[in-house]
Amino acid sequence: SVVWEVDRWSLAGQTAAYFLITLGSVLPVAYAAYWMERSVAGVLGYVAIFCAIFAGIWIAQYLGWRAKINRINKRLTNKISRPIINSYKT
């Protein structure tokens with residue numbers, strides 16, 4: 001998504017923009033497709049469920065990427081801290 005490529009935005013700003021764009025796209029479709037009760041309570045219930053699912057997926061993705069980045073950083077640190085061995089015979 002283009003939202004995640006805007007480097008000058010913080011992660012919170014990117015997440016908020018993505019959330020609003022996604023909710024703004026899905027909510028009218030869900031309403032038109034009768035995926036929710038056509039009342040204020042139905043819309044609020046749908047938005048609450050959407051928020052819970054969005055938060056769950058976001059947290060899982062965040063933790064997964066954080067673990068991956070930590071593994072990469074650990075490997076880079078190990079490579080940098082090892083002495084360079086000259087394999088050429090003189």
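Just so it is clear, the model here is predicted, and its values are computed rather than measured.
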- Message: Evaluate N70 against W65 for side chain to side chain contact (heavy atoms under 4.5 Å, CB included), listing each step before the verdict.
- Response: CA-CA 8 Å; N70 286 339; W65 278 105; over 6 Å; no

- Tracing side-chain links under 4.5 Å among I, L, V, M, F, W and Y, which residues wind up in one group with L44? V40

- Message: Test of understanding: with side-chain hydrogen bond (donor to acceptor under 3.5 Å, both in side chains), list the residues that count as partners of Q14, not counting sequence neighbours.
- Response: none

- Message: Would a single hydrophobic cluster contain both I59 and F54, if residues Ile, Leu, Val, Met, Phe, Trp and Tyr are joined by side-chain heavy-atom contacts under 4.5 Å?
- Response: yes

- Query: So do the side chains of W4 and L11 get within less than 4.5 Å of each other, counting heavy atoms only?
  - Reply: yes

Show me, pair by pair, the donor-acceptor contacts under 3.5 angstrom made by side chains of residues 17-34, not counting sequence neighbours?
unit_1	atom_1	unit_2	atom_2	d
T22	OG1	Y18	O	2.7
S25	OG	I21	O	2.8

- Verify the ring-centre separation between W58 and Y62: is it less than 6.0 angstrom? yes

